[in-house]
Structures are given as C-alpha cells and as structure tokens.
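Report on one structure; see the data block that follows.
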Amino acid sequence: MLEFLRGRDVLVAGWGVSGRSLIEPLRDIGAHPVVTDSGAKALAEAAELGLEVATSVELERADLSRFALVITSPGWRPDSPVLVSAVTEGIPVWGDVEFAWWVDQARIYGPVRKWLVITGTNGKTTTTQMTHSILRAAGIASVACGNIGLPILDALRRNPGPQVLAVELSSFQLHWAPSVRPEAGVVLNVAEDHLDWHGGLDAYAAAKARALTGRVGVVGLDDPVAGSLARKAKARRTVGFRIGVPADGELGVVDGKLLDRAFTKAAILAETSDISPQGPAGIADALAASALTRAIDVAPQFVKEGLAEHKVGPHRTAFVRELGGVEFIDDSKATNPHAARAAIMAHPHVVWVAGGLLKGASVDDLIEEVGERLVGAVLFGADAPVIAAALARHAPEVPVIELDAGDDADMESSRSQRAEAVMGRAVRAAAGLARAGDTVLLAPAAASLDMYDDYTHRGRCFVDAVTALEDGDIGRAL
C-alpha cells in the first residue's frame, strides 16, 4: 500500500505541527523526507534535526521527478507553485491526513482504527471533545486528534494505541484527503468561511462533504447547506439531527431531552440541562457527538455520562466575570459570522466586541438577524470598517465605536503589546456602553491573525482586560 515510498524521496511541504509529525512515520516505512517551507527559520530548525531541506524558490525551478510523493500541510493552497509543479509532473500530492489514513490502513502501528470524523464551519472542537468524552465513558480507548491539536500520526504512534479516533478535520484537511472513509462522519454546519482559499461556497461545502463518505454520514438538518448534503452523501447510510422533534432516522430534542430515533426506535440520551455549553449551539454539538458514537453502538447510558462529564474549553462562550450586573463572555473562537450568530443569539442584550479578518465572508445576514439584540458594538482589526458599514446599513440605531490600532499604542512597542492595548480599549469602551442586564460578548466573527497570534491570544487579552475593569467603568458612556 505504501511500498512505493520505500527508498524514495518524499517532499514534506510545510514545517508546522503536521509537517513535523510526518518525519518518523516516513522513516519507519523506509522513505527519505525532504522538507520545504517559505520560512528561513523553519528550514533552519529542520536542518538542525539532520533533515534535508529545500526552499520553495529552489523547488519552483527544480525537476521534482526525484520525489515519489508530496505531502502538504493543510494551509498550503492548491495553487501554490510547488504543488502546481508537482501535479503537472504527475507526482501525487497528499495531505498529512491522507497519508495518516494510508499509514493506518497499512497497519504500520497496529490494527486499523475506527475513525469518527467531525467537520463543519463551527462547533468542530466542542463536538470532537464531546465525542471523546462519550467514548471514554464507555471505556473505549480513544483519542481526540487532527485539527484539534494532536496530529493523527502522533495518535497512531501511541503505545498502547487507541481503538477509536475522534478526528476533527478542517475543510483544508479534507480537501487534501480524498481517500478517507470514516466509520462515521458529521458535517455540523456550512457557512461562509475560508472562501478566499477554496474559491467559493460550493467548493468549500464539497470539501466538507468528504466527511460523508464512510459507513454512516451525519448532517445537521437545521443548517440548510449541511442538510442538503444528505442527498449527495456517499455514505452507506445518512442520518440527521435537529434541535426539535426528530423524525424516524433522526436525533433531536423532545421535552428537554436528547432523543435518538436513528439507531433505535426511541432512546433518551441526555438532559439538555446537562449539556456544556448551554444554548442551541451546544445542544447541536451534543446531538452530533451522540450520533457518531451511537453509530458504533455506544450504549445510551454512556452517551449520557460522557456528555455530563464534558465541560466547554477556554475561549468558547466562556464566562469571565460579572461586574455591575453586566456579564462578560469570551467567545474568541467565534472566528466567522456563523459562529458569532450562535453566540449572540444566546443573549437578549449584547454589547458586541468584534473584528479581525473576515476572509471574504459577509456579515450583512448576521447583522440583519441579530441587530435587535445589539445594544452597542465595539469594533477593531483589519475589517472593522466592513462590519461598521454593515451595521450602518442594517442596524443604524446601534451605537458603534470603531477603534484604530494606532490610536492608543506606542508604535515602537511589540505587536503583542499593541494588540493588548487595543483590546484593553475595546473592553473599556464596551463596558461603558453596557448597563445591568447586558452581556459584553467577545464574538469577533473574524480571524485573529491581523493583530493576535491566534484566537487563544485574543481571548487571553480579552480576559485580562475584563479582569482589570472596575465598577466605575460600567455604563460611563450612557
């Protein structure tokens, strides 16, 4: 299956977490890894480990026929010159997930595992963690891996190894993994995100649909795009879930209880009051995790136990503090409009803290839907003017404060210090717009990399700024 790589050179494109995870497995099957990356520091690090390296520029001019395979990191776009050259020369291009699939199928590290694949625009990490929690409650050796942080190859190499993998996959990873056939896979939802990478919503949805190619496919029926994928799914069986009364072949909610009518006639799985995070988004994620685990015959009592044990991670609708009757909520993980919608809809009166990189997504539909809940908005980051313009069109009565990253920060200070300063101003401004009964909500609707290291850095800055507030900061702008 992987014999064609023995004694051959394999190009590893991208020296990130996934790139590093490839090296030992490639060596274990007798291949010779060669690393390329656009960053000089990354290549220097790889070279220090004794690896052969080549710059992207060198490879663009080189004959690539020496390589039996190119394995790309998920962030590399299909139109990257090195990848285009490889395809032109007839060299297969795989993602690290595709390679991990074939390593598993070849039993390089023990018996083949069951893969439970989770994808969607929002809720992937929470659903993956819930799935892992249910498996753990059932006494099944499992691990949460993939886009959640632990590379799949590192999970496969564990000793003793897991029986089941709860695999979070992004659209990028699925694009580069056409062979993956999970035991069960779910598409939670599909909304505008990463359109600049995929070239449009149809291509983005098609990448997500690759999760629906195994034995059981699961779709979120409350999301129109995800729900429509049921008709196109290549899975041997497709089931759906909804936050409402389920039909035959579905999971849903009846009288505050999660109900399975897909894998049995009718089984109560959990109480909605036991779900973390609370609210529609958390319940939807719990239904998805329930469907995946029920698909491999996990008993209802373990679904209940696993969901009750699961607690939401940091920066995902996390309560920070209450001050002067105002709640402060950190949902920095809401990196697109669809995620921001779920966060805002959970609260009746919101001072919205938002901004960053929209990545081609539109916020007009979001603001049309949630405008009546907004009592104020504080905007920052590269696409703050885009969000401000949408608010002016669809919610002109909402007071808006738009921050400039250079207004309050010493430009000789570090990038991190400037980002912290802007968040501090944003939080103080939001507190000034709020009064008792309101929620100050960080739900940026955008990616963080214009100003912050990642969404966790952005969330930490928010928490620090909220912690520094005093009673007198509440409502001072009213």
Side-chain angles (χ1 to χ4, degrees), residues 114-120 122-124 126-138 140 142 164-169 180-190 208-275 280-308 310:
K114 290 182 178 178
W115 290 41
L116 303 180
V117 167
I118 299 98
T119 195
N122 300 298
K124 295 186 294 294
T126 298
T127 303
T128 302
Q129 291 170 332
M130 287 176 168
T131 301
H132 179 45
S133 183
I134 294 169
L135 294 169
R136 196 168 52 224
I140 297 171
S142 65
V164 180
L165 305 179
V167 187
E168 176 185 330
L169 294 183
V180 171
R181 299 291 182 269
E183 187 71 12
V186 62
V187 178
L188 302 167
N189 44 62
V190 180
K208 293 291 190 187
R210 287 187 169 174
L212 308 175
T213 55
R215 188 175 66 83
V216 178
V218 182
V219 297
L221 296 172
D222 293 326
D223 181 271
V225 180
S228 71
L229 296 177
R231 298 189 300 271
K232 309 171 188 176
K234 297 180 180 178
R236 280 179 271 168
R237 181 190 178 194
T238 304
V239 303
F241 64 90
R242 66 175 76 245
I243 304 176
V245 178
D248 290 340
E250 297 176 1
L251 290 84
V253 179
V254 177
D255 296 331
K257 296 177 174 59
L258 273 61
L259 187 68
D260 173 15
R261 297 190 65 188
F263 301 99
T264 187
K265 185 175 181 179
I268 295 173
L269 302 177
E271 303 284 337
T272 57
S273 58
D274 291 336
I275 304 301
I283 293 170
D285 295 342
L287 288 165
S290 300
L292 291 174
T293 50
R294 292 289 289 144
I296 60 168
D297 299 322
V298 172
Q301 67 262 32
F302 298 125
V303 175
K304 178 180 177 66
E305 183 180 333
L307 290 175
H310 172 265

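Note that these values count all heavy atoms, side chains included, but never hydrogens, waters or copies made by symmetry.
- With sequence neighbours left out, Val245 forms a side-chain contact (heavy atoms from CB on, under 4.5 Å) with Val254.
- Annotation for Ile134 and Phe302: closest pair CG2-O, 3.9 Å, computed over non-hydrogen atoms.
- Smallest separation of non-hydrogen atoms from Val239 and Ala262: CG1-CB, 4.0 Å.
- Listed by first then second residue, pairs satisfying side-chain hydrogen bond (donor to acceptor under 3.5 Å, both in side chains) with a partner in residues 225-244 read Arg242-Glu250, not counting sequence neighbours.
- Across all their heavy atoms, Gly217 and Ala235 have their closest contact at N-CB, 3.4 Å.
- Rounded to the nearest 0.5 Å, atoms CD1 (Ile268) and CG (Leu259) are 6.5 Å apart.
- A heavy-atom distance below 4.5 Å is not found between the side chains of Thr293 and Met130.
- Between the side chain of Ser133 and the backbone N or O of Gln129 there is no donor-acceptor pair closer than 3.5 Å.
- Residues satisfying the side-chain hydrogen bond (donor to acceptor under 3.5 Å, both in side chains) test with Thr126, not counting sequence neighbours, are none.
- When every heavy atom of Pro280 is checked against every heavy atom of Ile243, the shortest pair comes out as O-CD1, 3.1 Å.
- Contact check for Thr128 versus Val167: no side-chain heavy atoms found under the 4.5 Å cut-off.
- Using a distance-only test at 3.5 Å, with no hydrogens or angles considered, no donor-acceptor pair links the side chain of Asn122 to the main chain of Asn189.
- Listed by chain and number, the residues in a side-chain hydrogen bond (donor to acceptor under 3.5 Å, both in side chains) with Lys208 are Thr119 (sequence neighbours excluded).
- Residues that satisfy the side-chain contact (heavy atoms from CB on, under 4.5 Å) test with Thr127, not counting sequence neighbours, are Ile118, Thr131, Leu188, Asp285, Ala288, Ala289.
- Contact check for Leu269 versus Leu251: side-chain heavy atoms found under the 4.5 Å cut-off.
- Distance check, rounded to the nearest 0.5 Å: OG1 of Thr272 to CD1 of Ile283 gives 5.0 Å.
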Show me, pair by pair, the donor-acceptor contacts under 3.5 angstrom made by side chains of residues 180-187, not counting sequence neighbours?
from   : atom 1 : to     : atom 2 : distance (Å)
Arg181 : NH1    : Pro178 : O      : 2.9
Glu183 : OE2    : Arg215 : NE     : 2.6
Glu183 : OE2    : Arg215 : NH2    : 3.4

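- Between Leu307 and Ala270, the shortest heavy-atom contact is CD1-CB, 4.0 Å.
- Every pair passing side-chain hydrogen bond (donor to acceptor under 3.5 Å, both in side chains) that includes a residue from residues 252-267 is listed here, sequence neighbours excluded: Asp248-Arg261, Asp260-Arg294.
- To the nearest 0.5 Å, the span separating CG on Leu135 from CG on Leu116 amounts to 6.0 Å.
- Residues that satisfy the side-chain hydrogen bond (donor to acceptor under 3.5 Å, both in side chains) test with His310, not counting sequence neighbours, are absent from this structure.
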